[in-house]
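Below: the structure, in structure tokens.
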Amino acid sequence: MTAKTSPEQPLPIRSVLQMVAQWIGKLGTVWAEGQITELSSRGGTVFLTLRDPVANVSARVTCPRNVYEATVPRPVDGARVVILVKPDFWVNRGSFAFTALEIRPVGVGELLARLERLRQIIVAEGLANTERKRRLPFLPGTIGLICGRDSAAERDVLENARRRWPAVRFKIETVAVQGPYAVGEVTEALRKFDLDGEIDVIIVARGGGSLEDLLPFSDESLVRAVSACRTPVVSAIGHEQDNPLIDLVADVRASTPTDAAKKVVPDVGEQLSLVRQLRDRGRRVVGGRLDREMSWLTALRSRPSLSDPVREIERRAEQAEGLRDRARRCLASSLDRAEDSLSHLRARLVSLSPAATLERGYAIVQLPAGDVVRQAEGLAPGDELSVRFSDGRVEVTVAKPVT
């Protein structure tokens, strides 16, 4: 980057910036370590500031989104990383920045990456599935508490649980909750409580701490031991922002030991209030039902058939007598009409009968064969005839011919 210049022969600023860009472009790539701050994104680019962990020095870094998203775990504000960067100089703005080609977490970041890989394995095996988690009993008879010796977590759980339900019983196993012996002791306490038939719920409690302090509760063997427990397990590790892997497989995750006591043990005051409310509601329901039935019974009793049953019988008797009299009248009237009709019919029959004609002095002359003699012509002397009168029959003989 040499050029002959003088006050009389200066270079344009664009030429100077282009020369600077050419010189910076020849520097190549370099691995740089620092702490991420001022993380933001826009479109397909992620912008961040890489600050030196010791000196008050920082540099702007632009990172393609695919490079950022390929980093496990994804970097966050405050994360310590090493970045493969290429220096760039922007001629138009006259500004300098690095372009990130690869990001790798270091220190705590590397530990987070290992935990993230284990988390993915646990999720892939289905150990964190919701359907595997068991419901806590409404009121556990005995609670198994795994905690540190003389720890604040133990006091929080015991005090809050007994304040909510004074009769609750605990069995306590004090173990190491950090350090090399923590995983083995917690696992053994879990196994012991899981085999105890009196234990209804197991609480694993520990106060807050750094990521390294809480690391035993993300150990794979402990996580699998919690998943294999037949007794419901409540994880109460650290504070709300802490997320050890034991939280994934536990049946219930409590944000703090105090929250664990609230989730495991019901509040006696709330339950008594609920009982009173249900009792009052039951009384109202039963009272309303009794009132409705009483109103129905009163309305039923007010009916004439029940209020004065004798009067109803008398009314029915009067009705029956009226119907009987009506039936008699109807029958008598029908008989009278039938009798009149029969008399008329008899009179007609009598008036039309040959016997009535005979009674008026007429007679019927018949031949022996029964034929009626209608004319005298044709009769000869000596013919025998039968003459029928109204009161009898006589036999006669023709004496002489008809003239």
Side-chain angles (χ1 to χ4, degrees), residues 108 111-112 114-119 121-123 125 127-129 132-134 136-137 140 142-161 168-265:
V108 173
L111 180 59
L112 291 174
R114 188 167 69 251
L115 294 179
E116 180 62 26
R117 288 192 293 271
L118 181 56
R119 181 189 301 271
I121 292 173
I122 292 171
V123 172
E125 292 181 4
L127 300 182
N129 291 350
R132 296 186 72 255
K133 299 183 183 297
R134 290 148 296 192
L136 300 182
T142 302
I143 301 172
L145 175 60
I146 302 174
C147 58
R149 298 175 180 85
D150 299 326
S151 63
E154 177 183 359
R155 293 192 298 272
D156 289 344
V157 172
L158 295 180
E159 291 176 3
N160 284 279
V168 67
R169 297 191 304 273
F170 279 92
K171 286 187 178 181
I172 303 174
E173 285 288 329
T174 56
V175 297
V177 290
Q178 67 184 63
Y181 302 106
V183 174
E185 293 185 10
V186 174
T187 303
E188 177 60 24
L190 272 173
R191 186 194 64 81
K192 179 179 178 181
F193 280 155
D194 197 33
L195 295 176
D196 191 338
E198 295 183 356
I199 302 297
D200 296 324
V201 180
I202 300 173
I203 299 177
V204 183
R206 187 202 188 284
S210 64
L211 178 63
E212 291 82 359
D213 292 339
L214 301 180
L215 194 59
F217 298 97
S218 295
D219 185 86
E220 184 175 2
S221 63
L222 177 58
V223 169
R224 294 188 180 277
V226 171
S227 176
C229 278
R230 294 171 299 176
T231 307
V233 178
V234 178
S235 171
I237 308 301
H239 300 298
E240 179 67 34
Q241 67 275 14
D242 298 318
N243 291 287
L245 296 185
I246 191 177
D247 288 348
L248 288 177
V249 298
D251 297 289
V252 175
R253 189 247 179 189
S255 58
T256 61
T258 300
D259 185 47
K262 294 180 179 179
K263 289 185 174 180
V264 171
V265 181

Hey, does Leu145 have a side-chain heavy atom less than 4.5 Å from the side chain of Leu158? yes

Would you say Cys147 and Ile172 make side-chain contact, with heavy atoms under 4.5 Å? yes

According to side chain to side chain donor-acceptor pair (under 3.5 Å), who are the partners of Thr231, at least two apart in sequence or on a separate chain? Asp194

Those residues that, when tested against Lys171, pass side-chain contact (heavy atoms from CB on, under 4.5 Å) (two or more places apart): Thr142, Phe193, Asp196, Glu198, Ile199

Is the shortest side-chain N to carboxylate O distance from Glu188 to Lys192 below 4.0 Å? no

So, does Asp251 use its side chain to make a donor-acceptor pair with the main chain of Lys133 at under 3.5 Å? no

Sorted by first residue and then second, give each side chain to side chain donor-acceptor pair (under 3.5 Å) pair with at least one member in residues 175-186; sequence neighbours left out. Gln178-Arg206

Is any side-chain heavy atom of Val226 closer than 4.5 Å to one of Val204? no

Identified side chain to side chain contact (heavy atoms under 4.5 Å, CB included) partner of Arg253 from the options Asn243, Ile237, Val233, Asp259: Asn243

List the residues meeting salt bridge (charged side-chain N to carboxylate O under 4.0 Å, His left out) with Glu159, not counting sequence neighbours, and say none if there are none. none

Side-chain donor/acceptor of Lys262 to backbone N/O of Asn160, under 3.5 Å: no

Would the distance check show the side chain of Arg134 and the main-chain N or O of Arg230 forming a donor-acceptor pair, the cut-off being under 3.5 Å? yes

Quick one, Leu248 and Leu127 - any side-chain contact, counting heavy atoms below 4.5 Å? no

For Ala153 and Pro257, work out which heavy atoms get closest and say how close. CB-CG, 3.7 Å

Shortest non-hydrogen contact from Leu214 toward Gly207: CD2-O, 3.9 Å

Would you say the side chain of Pro216 lies within less than 4.5 Å of the side chain of Val177, judging by non-hydrogen atoms? no

Taking the side chain as every heavy atom from C-beta outward, state whether Phe217 and Asp247 have any pair of such atoms under 4.5 Å apart. no

Between Ile143 and Val265, is any pair of side-chain heavy atoms under 4.5 Å apart? yes

Could you check Arg191 against Leu195 for side-chain contact (heavy atoms from CB on, under 4.5 Å), going step by step and ending with a plain yes or no? CA-CA 6 Å; Arg191 186 194 64 81; Leu195 295 176; 3.3 Å; yes

Pairwise distance SG(Cys229) to CD1(Ile202) - rounded to 0.5 angstrom: 5.0 Å

Answer whether the closest heavy-atom distance between the side chains of Pro140 and Val264 falls below 4.5 Å. yes

Of all pairs that satisfy side chain to side chain donor-acceptor pair (under 3.5 Å), the ones with a partner from residues 143-156, not counting sequence neighbours: none

With sequence neighbours left out, what residues match Asp219 under side-chain contact (heavy atoms from CB on, under 4.5 Å)? Val183, Ser221, Leu222

For Ala254 and Val234, which heavy atoms make the closest approach, and how far apart are they? CB-CG1, 4.2 Å

Smallest heavy-atom separation, Val175 atom then Ala189 atom, equals CG1-CB, 4.1 Å

